[in-house]
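Below: the structure, in structure tokens.
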2 protein chains.
Amino acid sequence: MERVQTLLRNHDIRPSYTRMAIYRYLDENRNHPTVEAIHEALSASLPTLSKTTVYNTLHLFIRHHLVKEIDLQDHKRYDIVQEPHAHFKCDVCDTLYDIDIVPPNAPTHDDIVDVRDVQLVYHGTCKRCQQAV
Amino acid sequence: MERVQTLLRNHDIRPSYTRMAIYRYLDENRNHPTVEAIHEALSASLPTLSKTTVYNTLHLFIRHHLVKEIDLQDHKRYDIVQEPHAHFKCDVCDTLYDIDIVPPNAPTHDDIVDVRDVQLVYHGTCKRCQQAV
DNA sequence: TATATATTTGTAATGATTACATTTTTATGG
DNA sequence: CCATAAAAATGTAATCATTACAAATATATA
Ligand SMILES: [Mn+2]
Ligand SMILES: [Mn+2]
Ligand SMILES: [Zn+2]
Ligand SMILES: [Zn+2]
């Protein structure tokens, strides 16, 4: 029995071939890929894979707390890492780096009752792009 | 001489009537409005105002560091407040609340050279929406 | 006033995401 | 093994915020 298969089952997701492939891709490519990137990469081995299926599957994973969506100004990114952490987005090359700090808890606030998620994103230029004058 | 006029001049922006109106709206409505909201509100007094002009003007203000853009999953929001602070987005009513904490500085990181901006956004349900069972 | 420049406008294009109907695959029971 | 129902995957069309761009209008300058 494969690890990914049982993992999906444990999260009440039927482990179809496609779903396992998408999960494995996210697990092995922890660079916050876009839907486009996932679709393109898997099209080689799954020639009939549709973008709609990638969207559907990601939303399924999100509902079952296997994946988190990161909203940037352009495309959405998907992150399989569940531990709370921050990100750095290079606005030149669009790379999204993991930053290993835990975002601060929301302070008590009159208008806030229930906090379900935090996103801490830094923007700027990465080393590679800075050097490439 | 009006305050907004000199303020725009000081930021190297020619204070046209439209630009002053948009600036004033942001200054007086600090609820992180969308382009849609700005356009709709000002259309009453500026019937010929086009959405393109709202977009153009906001981007101009952003380039001159008068306004910050906040990227959420749906529409973009615009914030005239320059002091570093966080936000809470109610995913029920889409209200974006100001949270008065300063986002932590980015830690030193091998890949990062130049950090220009931070966005710290909490997601959840606000008090009003929680009560409205 | 004439001319150049800046601003605004209207319309069309873009492109990621969603909606939805159809097709294909999988599970189940006789 | 077949029949049938449910689940999964697909293809295409619609949506809609944002951008591109060219034309029109307003403003400054000489
Ligand atoms: Mn990450
Ligand atoms: Mn704010
Ligand atoms: Zn970079
Ligand atoms: Zn709310």
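Here the structure is a predicted model, which means the values were calculated and not measured. By convention in this document, chain letters (A, B, ...) are assigned in the order of the sequence lines, proteins followed by strands, and residues within each chain are numbered from 1.
Atom-to-atom, CG of A/Leu8 to C1' of D/dA7 comes out at 15 Å; the value is rounded to the nearest Å. The distance from atom CG of A/Leu58 to atom P of D/dA8 is 15 Å, rounded to the nearest whole Å. Rounded to whole angstrom, the span from the NE2 atom of B/His39 across to the C1' atom of C/dG10 amounts to 11 Å. For B/Lys51 and C/dT14, the NZ to P distance is 20 Å, given to the nearest whole Å. When rounded to the nearest whole Å, the span between OH of A/Tyr55 and P of C/dT17 equals 4 Å. Regarding A/Glu36, its CD atom lies at a distance of 11 Å from the P atom of C/dG15, rounded to whole Å. A/Asp94 places its CG atom 14 Å from the P atom of C/dG15, with the value rounded to the nearest Å.
A salt bridge links A/Asp94 and A/Lys89; the closest N-O separation between the charged side-chain nitrogens and carboxylate oxygens is under 4.0 Å.
Within residues 66-80 of chain A, the residues that have a heavy atom under 4.0 Å from DNA chain C are, in order of number, A/His75, A/Lys76. Using a 4.0 Å cutoff on non-hydrogen atoms, the parts of residues 10-33 of chain A near DNA chain D are A/Arg14, A/Ser16, A/Thr18, A/Arg19, ordered by number.
In this structure, the side chains of A/Cys126 and B/Val113 stay at 4.5 Å or more apart for every pair of heavy atoms. The closest side-chain heavy-atom distance from A/Ile80 to A/Phe61 is not below 4.5 Å.
Closest to the B/Thr57 side chain, of the nucleotides C/dA16, C/dT8, D/dA20, is C/dT8. Checking D/dT19, C/dT9, D/dT10 against every side-chain atom of B/Asn56, the shortest atom distance belongs to C/dT9.
Inspection of the A/His32 and A/Asp79 side chains reveals an N or O donor paired with an N or O acceptor under 3.5 Å. For the 3.5 Å distance criterion, the side chains of B/Thr95 and B/Arg128 fail to qualify, holding no donor opposite an acceptor. Side-chain contact check for B/Asp98 and B/His87: at least one donor-acceptor pair (N or O, by modelled atom type) lies under 3.5 Å.
Distance check, rounded to the nearest 0.5 Å: OG1 of B/Thr34 to CG of B/Asp74 gives 9.0 Å.
Note on A/His59: only backbone sugar-phosphate atoms sit closer than 4.0 angstrom, heavy atoms only; bases stay farther off. Using a 4.0 Å heavy-atom distance criterion, A/Thr34 is classed as making no nucleic acid contact.
In terms of modelled atom types and a separation under 3.5 Å, the side chain of A/Glu69 and the main chain of A/Lys76 share no donor-acceptor contact.
Of the side-chain N and O atoms in B/Thr52, none sit less than 4.0 angstrom from OP1 or OP2 of C/dT9. Here B/Ser50 does not reach the OP1 or OP2 of C/dG10: none of its side-chain N or O atoms lies under 4.0 Å away.
Ring planes of A/Phe88 and A/Tyr97: tilted class, angle from 30 to 60°.
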